[in-house]
**Student:** 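After the structure tokens below, expect a handful of questions from me.
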Number of protein chains: 2
Amino acid sequence: MLSFVVPSLPENGAPKQEQCSLSCALLSIVCSALALWNTALMSSTHGARARARIEVTAAIKEEARRQLAKEGATKLSLRAVARELGMASSALYRYFPSRDDLLTALIIDSYESLGEAAEAARDAAADAGPVRRWTVLCEGVRTWALTHPHEYALIYGTPVPGYSAPETTVPAAARAVLVALGILRDAQAGPGLAPPSLPPELEPEAARMAADVAPDLPPEVVMTALAAWAQMFGLIGFELFGQFNRVVEDRDTFFRHVAGQLARTVGLVDSRQDATA
Amino acid sequence: MLSFVVPSLPENGAPKQEQCSLSCALLSIVCSALALWNTALMSSTHGARARARIEVTAAIKEEARRQLAKEGATKLSLRAVARELGMASSALYRYFPSRDDLLTALIIDSYESLGEAAEAARDAAADAGPVRRWTVLCEGVRTWALTHPHEYALIYGTPVPGYSAPETTVPAAARAVLVALGILRDAQAGPGLAPPSLPPELEPEAARMAADVAPDLPPEVVMTALAAWAQMFGLIGFELFGQFNRVVEDRDTFFRHVAGQLARTVGLVDSRQDATA
DNA sequence: TCGGTTTCGAGAGCAGTGCTCTCGTTCGTG
DNA sequence: CACGAACGAGAGCACTGCTCTCGAAACCGA
């Protein structure tokens with residue numbers, strides 16, 4: 001399913017591959033059918049069988065998540081999951097049409113987990129000044145990444161099977177960045193925002209983006225915030241994937257400082273609380 | 001070999017894994033022996049056999065690089081490489097002790113390729129102002145990433161087998177960032193640098209870093225430049241891995257603007273050439 | 001020039017993978 | 001109660017990384 005959404009990259013022209021991508025398309029249909037089936041059962045709770053189904057599905061995801069956290073996405077094996085659960089590997093395909101679909105489910109879970117961590121960081125510093133709130137949020141994301149390296153790699157590292165995540169991941173992925181936009185919104189309502197300047201050739205793009213994402217915020221702020229968000233993940237990725245080995249040592253304070261700089265870039269202004277904190 | 005340098009992440013405690021990591025250690029010794037053997041042959045050119053060896057090694061790497069560019073690191077298969085080269089898969093192990101070692105060779109090649117692109121970008125804008133030179137360098141790196149997505153993913157995405165690259169990749173990895181530091185050095189000698197301010201708790205760290213990397217540059221500049229460098233890769237990674245899909249459309253001008261902002265963050269100052277360009 | 005040593009390629013084989021197909025069994029419902 | 005849908009298990013296919021063995025070829029010293 002994942003490898004089905006790869007329009008821009010060349011595929012090998014072997015006939016076997018064509019057959020695969022065709023069966024992938026069919027599988028994706030089957031997958032959404034299964035998903036609908038699951039949610040339909042969840043809502044109406046048809047019976048014991050339905051409950052068993054969502055229970056087994058949860059058990060599979062749990063065991064898969066354990067293996068993911070232990071050894072990473074590339075080492076995640078359907079057969080090992082089935083073995084650990086004491087069932088035949090073929091039985092697993094009743095719940096997930098392919099390994100990629102299981103991975104997609106884990107991707108969504110990881111996004112949700114990150115979103116939860118971001119929201120917790122937001123709530124932990126709810127009374128602080130804007131710059132500090134932003135910094136705490138960034139530190140929360142970083143801490144989550146350091147404690148869930150394989151999950152982080154799954155969602156922000158190399159896309160494992162193909163090069164584009166399916167549409168279903170989009171809302172989960174948006175959750176964390178929405179927290180950042182919320183902080184900006186609060187700052188606008190309270191201490192104030194100092195919108196950064198933007199070159200004129202970027203203004204239509206910024207307006208389009210802001211209209212899609214946060215119409216109540218100045219377009220320059222939205223665009224700069226998105227850039228800052230991506231830049232933060234550059235820092236985290238470098239630290240997590242070893243690019244800072246033997247280069248940056250005191251990474252906590254380094255990251256905190258850069259996150260604060262990013263906050264000011266976005267337009268957040270220091271308050272008394274930030275200065276004292 | 002790669003999976004041998006994973007001290008921080010938990011491994012599964014199965015005995016088979018221990019045996020594997022042990023054999024990995026042995027293999028890494030064999031690998032360095034083979035590497036020394038290769039270079040020794042290259043320098044003294046013992047005979048036709050030695051030449052054939054380096055030729056076959058190059059052919060393997062070439063075919064592997066082709067498969068890497070076509071389908072990505074996870075799909076790279078030793079057997080497929082051997083098949084394409086018309087030799088038995090087992091014969092390939094005479095040249096690379098394991099798949100990871102072949103990947104390591106490709107990683108180094110990718111770093112060198114990126115370094116070349118960075119140097120070309122530097123030379124292409126040798127006469128421009130500091131901000132423009134930095135921006136052109138960033139655009140060069142981005143263009144390389146967009147044209148070599150799988151190579152980029154190999155070196156800046158998720159580390160494929162383990163979580164830390166072997167030491168041999170370090171000099172190759174440094175090549176690109178040294179170009180950035182060179183631009184800063186030129187700016188210091190010519191148009192001038194405006195070193196950014198740093199909180200006092202980061203000054204010792206910055207001093208240590210600068211002493212290691214670029215003793216002739218102000219520590220604040222070195223530290224901020226490294227942060228900016230990492231941030232740039234955050235932008236590139238987001239674009240390349242689909243995080244900007246349906247969010248950022250005009251990515252060229254977006255990236256150019258953010259790269260210019262990063263240049264000013266580092267301490268580079270606009271010149272007349274930058275303003276007109 | 002000869003014989004021993006090293007290097008090489010090929011084949012078979014092992015353990016593992018994702019995935020498919022078939023075949024009984026069990027469950028829910030008309 | 002009976003029928004069909006869902007389920008679990010097993011065998012099997014094609015593929016992977018990797019090891020071992022064996023014969024042939026190349027090298028090198030005597």
**Student:** Check whether the side chain of S90(B) and the base of dG9(C) form a donor-acceptor pair under 3.5 Å.
**Tutor:**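 No, no donor-acceptor pair under 3.5 Å.
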**Student:** Which nucleotide in the set dC8(C), dC7(D), dT16(D) lies at the smallest distance from any side-chain heavy atom of Y95(B)?
**Tutor:**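 Closest nucleotide among those given: dC8(C).
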**Student:** For dT17(C) and R99(A) - does any side-chain N or O of the residue sit under 4.0 Å from the phosphate oxygens OP1/OP2?
**Tutor:** no
**Student:** Examine the base of dG17(D) for any acceptor or donor lying under 3.5 Å from a partner atom in the side chain of R79(B), and report the outcome as yes or no.
**Tutor:**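 Yes, a donor-acceptor pair under 3.5 Å.
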**Student:** E55(A) CD to dA6(D) C1': how many Å, rounded?
**Tutor:**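 E55(A) atom CD is separated from dA6(D) atom C1' by 17 Å.
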**Student:** Does this structure show an ion pair linking R66(B) with E84(B), if we count only N-O contacts that are shorter than 4.0 Å?
**Tutor:**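 No.
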**Student:** Per the end-axis method with five pairs at each terminus, what is the bend angle of the helix from dT1(C)-dA30(D) to dG30(C)-dC1(D), to 10°?
**Tutor:** 0°
**Student:** Just N and O in the side chain of Y93(A): are any of them under 4.0 Å from OP1 or OP2 of dG8(D)?
**Tutor:** no
**Student:** Nearest nucleotide by nearest heavy atom, which residue falls closer to the 5' end of DNA chain D, L92(A) or S89(A)?
**Tutor:**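 Its nearest nucleotide lies further toward 5', so the answer is L92(A).
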**Student:** Give the nucleotide from the list dG18(C), dC7(D), dC18(D) with an atom nearest to the side chain of S98(B).
**Tutor:** dC18(D)
**Student:** Would you mind reading off the distance between R83(A) atom CZ and dG16(C) atom P, rounded to a whole angstrom?
**Tutor:**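 Rounding to the nearest Å, CZ of R83(A) and P of dG16(C) are 7 Å apart.
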**Student:** Applying a 4.0 Å non-hydrogen cut-off, can you work out what L102(A) is touching in the nucleic acid: base, sugar-phosphate, or nothing?
**Tutor:** nothing
**Student:** Within this structure, what is the CZ-CD1 distance for the pair R175(B) and I108(B), rounded to the nearest 0.5 Å?
**Tutor:**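 Reported to 0.5 Å precision, the distance equals 12.5 Å.
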**Student:** Check the distance between dT17(C)'s P and L78(B)'s CG and give it to me in whole angstrom.
**Tutor:** 18 Å
**Student:** Could you tabulate the donor-acceptor pairs under 3.5 Å formed by side-chain atoms of residues 227-241 of chain B, not counting sequence neighbours?
**Tutor:**
{"from": "E239(B)", "atom 1": "OE1", "to": "R142(B)", "atom 2": "NE", "distance (Å)": "2.9"}
{"from": "E239(B)", "atom 1": "OE2", "to": "R142(B)", "atom 2": "NH2", "distance (Å)": "3.0"}

**Student:** Find out whether Q67(B) and E71(B) are in side-chain contact, i.e. whether some heavy atom of one side chain is under 4.5 Å from a heavy atom of the other.
**Tutor:** no
**Student:** Whole angstroms only, please: what is the CZ-P distance between F96(A) and dT17(C)?
**Tutor:**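 Those two atoms, CZ and P, are 18 Å apart.
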**Student:** Are any non-hydrogen side-chain atoms of L114(B) and Y156(B) less than 4.5 angstrom apart?
**Tutor:** yes
**Student:** Within the 4.0 Å heavy-atom criterion, would you say L85(B) contacts the bases, only the backbone, or no part of the nucleic acid?
**Tutor:** nothing
**Student:** Among dC7(D), dT16(D), dT17(C), which is the nearest nucleotide to the side chain of A80(B)?
**Tutor:** dT16(D)
**Student:** Would you mind reading off the distance between R51(B) atom CZ and dC27(D) atom P, rounded to a whole angstrom?
**Tutor:**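 Rounding to the nearest Å, CZ of R51(B) and P of dC27(D) are 11 Å apart.
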**Student:** What is the separation between atom CG on D100(B) and atom C1' on dC18(D), rounded to the nearest whole Å?
**Tutor:**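 D100(B) atom CG is separated from dC18(D) atom C1' by 12 Å.
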**Student:** Could you go through D212(B) and V247(A), starting from their C-alpha distance and side-chain angles, then the distance that decides it, and tell me whether this counts as side chain to side chain contact (heavy atoms under 4.5 Å, CB included)?
**Tutor:** CA-CA 8 Å; D212(B) 272 8; V247(A) 179; over 6 Å; no
**Student:** Check the phosphate of dC8(C) against R49(B), side-chain N and O only, distance under 4.0 Å to OP1 or OP2. Yes or no?
**Tutor:**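 No, outside the criterion.
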**Student:** Start with the C-alpha distance between R65(B) and E151(B), add both sets of side-chain angles, then the distance that settles side chain to side chain contact (heavy atoms under 4.5 Å, CB included), and finish with yes or no.
**Tutor:** CA-CA 9 Å; R65(B) 189 160 34 243; E151(B) 281 93 331; 4.3 Å; yes
**Student:** In whole angstrom, what separates R94(A)'s CZ from dT20(C)'s C1'?
**Tutor:**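 From R94(A) CZ to dT20(C) C1': 11 Å.
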**Student:** Before you tell me yes or no, could you show the steps for D101(A) and T104(A) under side chain to side chain donor-acceptor pair (under 3.5 Å), namely the whole-Å CA-CA distance, both residues' side-chain angles and the distance that decides it to 0.1 Å?
**Tutor:** CA-CA 5 Å; D101(A) 292 278; T104(A) 305; 5.2 Å; no
**Student:** Just how far, in rounded Å, is C1' of dC8(C) from CD1 of I54(B)?
**Tutor:** 16 Å
